[in-house]
Amino acid sequence: MKTQVLTETGKLEPTEELLAELAAKSEALESASPEEIIAWATERFGSKLTMGTAFGPEGCTILYMLSQIAPETPVFNLDTGYQFQETLDLRDRIAEQLGIEVELLKPELSVEEYEAQTGGLPLYKTNPTQCCFDRKITVLKRGAEGKHAWISAIRRDQSPDRARAPIIGWDKKFGLVKVNPLANVDKAWVWRMITEHDIPYNPLHDQGYTSIGCWPCTRAVAAGEDERAGRWSGTEKTECGLHTLDDDTNK
Ligand code: SF4
């Protein structure tokens, strides 16, 4: 284990030494396979590593690789209360087929209590950024307590913002090391993995839903549309804020 400094709450302190280690390792792993990156993360952070998944095809491939490399790694899903039933059912199929039990992290308020605060008018209609902040960002911050690193399933070719993601970096927003094992792969690679290894995936993908989040903010896309065009369609919002690279959690 490398020398590391912890905060009073047991989180990693982003010391110069740690940031230098992450930058060097990120560069060294640029040409590594996703499996090699995951293996490094599980070895480096052990029980302090966690993974977050929305059960997209990328996340499902990582869950498959984790089942082969370190199935004891804790995995969570941000269960906003607005997920498709197909997504929740996929959690059960992952448990059966891959042996990984994904923990559902829920906001403090149920959907009913949350919507009652705004007179029954859901914030996803009037202020989706606040809704994502309340039902995703704050929940992940709680889930990150006691952890040092998290694995995400983003690919660089998904958006200009994600294109800047390192393989390994410091995630200021959550005070965690962020590991992006799929940064360098493309969508075709992901679906090849799913087919070759019979990895469970969300059946909504067969109905034109290329990127799946909460049902109020997701639609199927037409042929030729960007794969994330169905997320927050008709608004300027393109990300929930989990993967923005700055410290602006309300972005
Ligand atoms: Fe709310 Fe939509 Fe964000 Fe889900 S994706 S948390 S419903 S605004």
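Atoms within each ligand, like the ligands themselves, are counted from 1 in listed order.
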Residues Arg155, Glu227; criterion salt bridge (charged side-chain N to carboxylate O under 4.0 Å, His left out); working and verdict:
CA-CA 12 Å; Arg155 302 185 343 249; Glu227 71 176 283; 2.7 Å; yes
Is it the case that the ring center of Trp40 lies less than 6.0 angstrom away from the ring center of Phe45?
yes
Of all residues at least two apart in sequence or in a different chain, which pass the salt bridge (charged side-chain N to carboxylate O under 4.0 Å, His left out) check with Arg219?
Glu225
Sort by chain and number the protein N/O/S atoms found under 2.8 Å from atom 1 (Fe) of ligand 1.
Cys131 SG
Residues, nucleotides or ligands: over 12 heavy atoms within 6.0 Å of Gln117 CD
yes
Inter-residue atom distance Glu36.CD - Ser31.OG, 0.5 Å rounding
8.0 Å
Below 4.0 Å from ligand 1: does a non-hydrogen atom of Trp215 turn up there or not?
no
Is it possible for you to check whether Arg91 lies under 6.0 Å from the centre of the six-membered ring of Phe55, through NZ or CZ, and within 45° of that ring's axis?
no
